[in-house]
Protein chains: 2
Amino acid sequence: MAQYESLIKHLQDRIELSEEEMNQFVSNFKIKKIKKRQFIVQPDFVAKHRNYVVEGALRAYVVNDEGQEHTIAFAIEDWWISDYNSYIYQQPATMFVMALEDAVLLQIDFETEAKLKKANPKFETFFRITAERTAAFFQRRIITNLTSSAEERYDKFTNQFPLIANRVPQYALASYLGMTTEFLSKIKNNKLKK
Amino acid sequence: MAQYESLIKHLQDRIELSEEEMNQFVSNFKIKKIKKRQFIVQPDFVAKHRNYVVEGALRAYVVNDEGQEHTIAFAIEDWWISDYNSYIYQQPATMFVMALEDAVLLQIDFETEAKLKKANPKFETFFRITAERTAAFFQRRIITNLTSSAEERYDKFTNQFPLIANRVPQYALASYLGMTTEFLSKIKNNKLKK
DNA sequence: GGTATTTCATAATCTACTTCATTTTATAGC
DNA sequence: GCTATAAAATGAAGTAGATTATGAAATACC
């Protein structure tokens, strides 16, 4: 059950649970192993799961009419990922969620999560805290995007998430930061010269 | 108690409460009347309240080092507003929240909200749903900002929020959409010509 | 281990949007 | 209603970042 250890710690950092409650909670998560380049969410299909990353790296992105990809989220160890809108409203997804590396996930499906929340208010609290922090995180990203230049956005990202910056393809990071891969290349190059 | 009617409806649309539970919930909100240009949140002070708008319009914005204002959120009737990060983490705010018109709010403070959530799991559920929808809303904005041109962002906003678009100052809307007021003016003008 | 395929780098050209400066229009306060 | 002030419109000039094109380096895969 080594795969569950990090999720257990994740929970303990957020709410207080007895051993029994903890077991009840995590036993509803199923281990899912996926290979690099494999999709766990695709447009037009409902995102059935909330995914906790035990190991590996994933990327959520949308593709616009011109075929350009825009990275919406990354996830590495101890992060959650899904098509957020699709999951909470249980409506067709607009995103792809793909493994950038072989990965091990812990998945819970929407109905099971609903049952858990009904069974114990502490579980409801956990998902409330998670949603609040997600909202706060998204809002910080909105603020950064509105107030910073391309180079500043890159600097902030590498400072905040050094482990992600050096682990994902440059084109994926560039589109997450709202710039082209060519321009990100130029930014990196300018830094080397200084 | 006319002021509480819209909040009651807001709650009924999201969770099922008995009359008694409803009264318990809303009685913790205090009526706050503010004048145009008045601030309810300022940088360096902790945002103590979650604010529900009964009447009026408000704007949350940040000011960067160069003195430029960037609108982060609007709120009109039946919307919530605060400095989200400041409120949920109870840390100093980075935003201003100001009334664009005379307004009537219903305010709950952080500690009272915590008590409510402890008192009844249904209340916890309400805040969980609210946070989830907030996160989903923010993510849709991130996606729009990454994938659309200035004109497309303006079109989407006016389609989705026609009541807001025509009610707030142009400079506030422009900075919400991530462009200058001059450029928004030009976009509007181009539409008139067509 | 060699070849096909991705990914990244570099550079020239282009454009969506900004900046700055000025005028016109709307709003607020007495 | 009149004046002061803020907001919006207009236009010229400038720039951050996109686009396009090409080659080099890294990675995947049989």
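In what follows, every chain begins at residue 1, and chains take the letters A, B, ... in the order their sequences are listed. Just so it is clear, the values below take in all heavy atoms, side chains as well, and ignore hydrogens, waters and symmetry mates.
- Here B:Leu105 is tied into one hydrophobic group with B:Ile34, B:Ile40, B:Val41, B:Val53, B:Leu58, B:Ile81, B:Val97, each link being a pair of ILVMFWY side chains closer than 4.5 Å.
- Between B:Arg153 and B:Lys36, the residue anchored nearer the 5' end of DNA chain C, judged by the nucleotide with its closest heavy atom, is B:Arg153.
- A sub-4.0 Å separation between OP1 or OP2 of C:dA26 and a side-chain N or O of B:Gln170 is absent.
- Using a 4.0 Å heavy-atom criterion, one finds that B:Glu152 contacts no nucleic acid atom at all.
- Going from atom CG of A:Asn64 over to atom P of D:dA18 covers 13 Å, rounded to whole Å.
- In this structure, CZ of A:Phe183 is placed 14 Å from P of D:dT15, rounded to the nearest angstrom.
- A:Ser86 and A:Gln91 form no side-chain donor-acceptor contact under 3.5 Å, judged by distance and modelled atom types alone.
- Under a cutoff of 6.0 Å and an axis angle of 45°, B:Lys48 and B:Phe110 do not form a cation-pi pair.
- Atom CE in B:Met179 sits about 16 Å away from atom P in D:dG17, given to the nearest Å.
- Taking only distance into account, the side chain of A:Glu182 never meets the base of C:dC8 through a donor-acceptor pair shorter than 3.5 Å.
- As judged by a 4.0 angstrom heavy-atom cut-off over every strand, A:Ser149 is placed among residues touching the sugar-phosphate backbone only.
- Counting non-hydrogen atoms under 4.0 angstrom, B:Tyr171 reaches the backbone sugars and phosphates but no base.
- Note: B:Phe25 and B:Phe123 meet the aromatic proximity criterion, with ring centroids under 6.0 Å apart.
- Side-chain nitrogen and oxygen atoms of B:Thr180 include at least one within less than 4.0 Å of the OP1 or OP2 phosphate oxygen of C:dT18.
- Distances from the side chain of A:Arg37 to the nucleotides D:dT10, C:dT18, C:dT7 place C:dT7 closest.
- Per the geometry, CG belonging to A:Leu100 stands 13 Å off C1' belonging to C:dT7, to the nearest Å.
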